[in-house]
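The analysis underlying the following values was restricted to heavy atoms, covering all of them including side chains, and did not include hydrogens, waters or symmetry mates. A note on names: the letters A, B, ... follow the listed sequences, proteins ahead of strands, and every chain is numbered from 1.
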Amino acid sequence: METRSIMIVGVGGQGSLLASRIIGNVLLSQNYDVKVSEVHGMSQRGGSVVTYVKYGDDVASPVVEKGEADIIISFEQLEAARYVQFLKKGGHIVTSTQQIDPMPVITGAAKYPEDIIPKLEAKGIDVIAVDALTLAEQAGTAKASNVVLMGVVSTKMQFDEDVWQKALEQCVPPKFLELNKKAFALGRQAAG
Amino acid sequence: MKKLMLGNEAFARGLYEAGCKIVSSYPGTPSTEITEEIAKYDEVYAEWAPNEKVAMEVALGASIGGARSFCAMKHVGLNVAADPLYTAGYTGVTAGMVIAVADDPGMHSSQNEQDSRHHAIASKTLMIEPSDSAECKEFAKAAYELSEMFDSPVLVRLSTRVSHSQSAVELCDREEKDLVPYEKKAAKYVMMPGNAIKRHPVVEDKLAKAAEYAETSPLNKLEINDTAIGVITSGISYQYAKEALGTKASYLKLGWVNPMPTQIIKDFCAKCGKVYVIEELDGIIESHCKNIGVDVCGKEVFGCIGEISQTIVAEKILGTKPEFDTFDEAVPVRPPVMCAGCPHRGLFYCLSKIGVTVSGDIGCYTLGATPPLCAMDTTICMGASISGLHGFNKARGAESEKKSVAVIGDSTFMHSGMTGLVNVAYNASNTTVIILDNSITGMTGHQQNPTTGKNLKGDPAYAVDLEALCHALGINSVRVVDPYHMAETEKVIREELEKEEPSVIISRRPCALLKYVKHKPALKVDTDKCVGCKMCLKVGCPAISMKDGKSVIDHTQCVGCGICTEMCKLGAIVE
């Protein structure tokens, strides 16, 4: 199988490392060769962060380049706009509708673009936008918006739900498992 | 069983399986997780040292003491540890000694992108380079064999994409190694001139033998496909080349960086048409190829700046370019920022307000250089804030002393700030030093250090008393402030700047991300009182923004630190 690529983008501190671990475990359980690439360090402090997940028969490079991503999972709207260049023609974007102003917007040096999602859709891109933050708060904590988005993404990939449930059990500490399962279910529902 | 593992985690597993007993490191992205992971194995003693030089000396001492030992550091950390490394090349080892050095091409989290391979060549020690997690484990084990076979420390070069990518790893059991009995060998380990002179020929001899061994080492891999294009590569660059070119090219993947083989390179080039050397940063393999008289093409095509990628390889060799959509409007950049509730924010706001020259250092607080605070003039390397400001003040005189401060974190101060402070006291400059004590090593992701009262395993440990230490180093005026109280902090800074003696201000408040730090409820804006003056935005908190002419506070980020309430003269920010 040709290598497939997923990009997880967001703001440092939003929980993209857990999301990449969940997807990585799902893919490993399906016997794919998997590579997950993360960036640690300074960018984790509220900067724009990117995680790559690649899978197939034999994955070489761990990074995703422009025009290569089959799916982009975005934890924040502006990040979806920033990384749309990485989407393959015909790829999908799953994004949270959350908006977090970056420092140049806060200081007034730049403007947060309006109507990002309709503008992406106008390019013929398949965009699923969900209010992951509100759904996560319904599940019990704003921190679970990453797992809500996993619920949404699970509907765009061909694996059975129980495979995702097992990956959740492997990646989430037992005391937070119920909460995260609820967040995941809300994400699946929201995807329709 | 196969497990997804970070390169760093897999490396730690390899050390464990190889019977490594003693580990000492200083954290540094992207190397940090190796030491954190190996600390989870009870069979291994692991510690955070105050700096990389100490760590490497601990590892060398442990090796001389008969135990397989290890230390990890980032590329710039190897500069700090270069002194013991260069002589360890001469002494060699008793039990195997392995050093992981993680380069950061592209500078994701570093102040330069130096190429560590130069250190291996210059120190006349061995160096090998893996390209994914499975190889990280395999190479960690091979490194011990090579170290003992050639009586040399072995460096393993990692890079951000190898260290911080996960791929599948097969786990094996640990092979326990008995302590090698200690024998005094002064001629080998006492490196005074009379002994060292005799060791240098030994070093040259073992390098020659290692080069011969490298010709048949399984760490170098040959893949013959279409031979019109040949690629000589190593580490992560191999993965980029493989993805871009697949079976359209043949590959010689070098696991050995120093010394490099000669004959297999000549044989490979003889088989192939056009041969490219694909390597990140400097042209080390390329220079070797040219020295041995083979015709290759490398840096003239790929350059020596930043990371390579499959796209770059495809574009340069095949002439292909990717297709993609773009967002048609300007997308504002999102640089890293100090977190909501960060104790450094209040301190840097005071410095910005006073308008002093700030000699900075390495850590989260380097973000004090970014807008809107912009309160930093220099950042060079670990510890340079204090020593650099002393030099600046000696150059510019008494006026400068009253208008400048050095800022340095608790961990960085222990790493290499103390010696600079001794110099300030000993050579008498009225320098003002602010130690930003947030009770943790923050930037690398919360590692303990000698001031925190805990060791690497999280057990209680001796905590350095910073006030007493500064007094002992020769500073009479040592004061402590809470940076959440900005008026008081500003007053103390102004007073210390005026004094005709060197002084230290300890700005003390734990990192807001520490688990034990209790957060207050998120603050709110009273929209009736808020006039939209934007004073609260001046502290650069990511939780505060403007909506419809009024400030709003993001309740998911705000930890109720209260810095913004001190900024608001109208009392519009409330609990």
With a 4.5 angstrom heavy-atom cut-off, is it the side chain or the backbone of [X] that approaches chain A, or both, or neither?
{"X": "Cys541(B)", "result": "backbone"}
{"X": "Lys547(B)", "result": "side chain"}
{"X": "Ala244(B)", "result": "neither"}
{"X": "Asp132(B)", "result": "side chain"}
{"X": "Lys2(B)", "result": "backbone"}
{"X": "Leu513(B)", "result": "side chain"}
{"X": "Thr556(B)", "result": "side chain"}
{"X": "Lys3(B)", "result": "backbone"}

Output every pair passing salt bridge (charged side-chain N to carboxylate O under 4.0 Å, His left out) with a member in residues 165-179 of chain A, not counting sequence neighbours, ordered by first then second residue.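 Residue pairs with at least one partner in residues 165-179 of chain A: Glu169(A)-Lys181(A).
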At their closest point, which heavy atom of [X] faces which heavy atom of [Y], and how far apart are they?
{"X": "Val63(A)", "Y": "Tyr240(B)", "answer": "CG2-CE2, 3.8 Å"}
{"X": "Lys35(A)", "Y": "Ser167(B)", "answer": "CG-CB, 3.7 Å"}
{"X": "Ser309(B)", "Y": "Glu65(A)", "answer": "OG-OE1, 2.9 Å"}

Taking side chain as everything from C-beta outward and backbone as N, CA, C, O, which of these in [X] sits under 4.5 Å from a heavy atom of chain B? Side chain, backbone, both or neither.
{"X": "Tyr83(A)", "answer": "neither"}
{"X": "Gln99(A)", "answer": "neither"}
{"X": "Ala60(A)", "answer": "both"}
{"X": "Leu27(A)", "answer": "neither"}
{"X": "Lys111(A)", "answer": "backbone"}
{"X": "Val34(A)", "answer": "both"}
{"X": "Ala81(A)", "answer": "both"}

With side chain to side chain donor-acceptor pair (under 3.5 Å) as the test, pick out the partner of Glu38(A) among His164(B), Arg161(B), Gln166(B).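 The residue from His164(B), Arg161(B), Gln166(B) that satisfies side chain to side chain donor-acceptor pair (under 3.5 Å) with Glu38(A) turns out to be Gln166(B).
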Are the side chains of Leu120(A) and Phe327(B) in contact, using a 4.5 Å heavy-atom criterion?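 Yes, close enough: below the 4.5 Å cut-off.
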Are the side chains of Pro332(B) and Pro113(A) in contact, using a 4.5 Å heavy-atom criterion?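 Yes, side chains in contact.
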Does Gly12(A) offer a backbone N or O that forms a donor-acceptor pair with the side chain of Arg334(B) under 3.5 Å?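 Between the backbone of Gly12(A) and the side chain of Arg334(B) there is no qualifying donor-acceptor contact (under 3.5 Å).
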Any donor and acceptor pair, going by atom type alone, linking the side chain of Gln557(B) with main-chain N or O of Ile100(A) inside 3.5 Å?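 Absent.
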Option from Lys89(A), Lys123(A), Lys66(A) for which salt bridge (Lys or Arg N to Asp or Glu O under 4.0 Å) with Asp325(B) holds: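 Checked Lys89(A), Lys123(A), Lys66(A) against Asp325(B); only one passes salt bridge (Lys or Arg N to Asp or Glu O under 4.0 Å): Lys89(A).
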Take atom [atom1] in [X]; do more than 12 heavy atoms of anything else shown fall under 6.0 Å from it?
{"X": "Lys321(B)", "atom1": "NZ", "result": "no"}
{"X": "Gln158(A)", "atom1": "CD", "result": "yes"}
{"X": "Asp548(B)", "atom1": "CG", "result": "no"}
{"X": "Lys550(B)", "atom1": "NZ", "result": "yes"}
{"X": "Lys143(A)", "atom1": "NZ", "result": "no"}
{"X": "Arg82(A)", "atom1": "CZ", "result": "yes"}

Between Gln310(B), Glu307(B), His555(B), which residue shows the highest count of heavy-atom pairs closer than 4.5 Å to chain A?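 The residue among Gln310(B), Glu307(B), His555(B) with the greatest pair count is Gln310(B).
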Choice from Ala168(B), Gly540(B), Ala241(B), Pro30(B) maximising heavy atom contacts with chain A below 4.5 Å: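 Among Ala168(B), Gly540(B), Ala241(B), Pro30(B), the one with the most close pairs to chain A is Gly540(B).
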Hey, what do you get for [atom1] ([X]) to [atom2] ([Y]), rounding to the nearest 0.5 Å?
{"X": "Met103(A)", "Y": "Leu373(B)", "atom1": "CE", "atom2": "CG", "result": "8.0 Å"}
{"X": "Leu4(B)", "Y": "Ile23(A)", "atom1": "CG", "atom2": "CD1", "result": "12.0 Å"}
{"X": "Leu537(B)", "Y": "Ile106(A)", "atom1": "CG", "atom2": "CD1", "result": "7.5 Å"}

Contacts of type side chain to side chain donor-acceptor pair (under 3.5 Å), residue Glu329(B), not counting sequence neighbours: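 Testing Glu329(B) for side chain to side chain donor-acceptor pair (under 3.5 Å), a comparison that skips the adjacent residues, returns Lys119(A).
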Does the side-chain contact (heavy atoms from CB on, under 4.5 Å) test come out yes or no for Thr311(B) and Glu68(A), once each step is laid out? CA-CA 10 Å; Thr311(B) 308; Glu68(A) 291 184 350; 4.2 Å; yes
For each of Pro104(A), Ala80(A), Ala109(A), Ala142(A), tally heavy-atom pairs with chain B at distances under 4.5 Å, and name the one with the top tally.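 Ranked by heavy-atom pairs under 4.5 Å with chain B, first place is Pro104(A).
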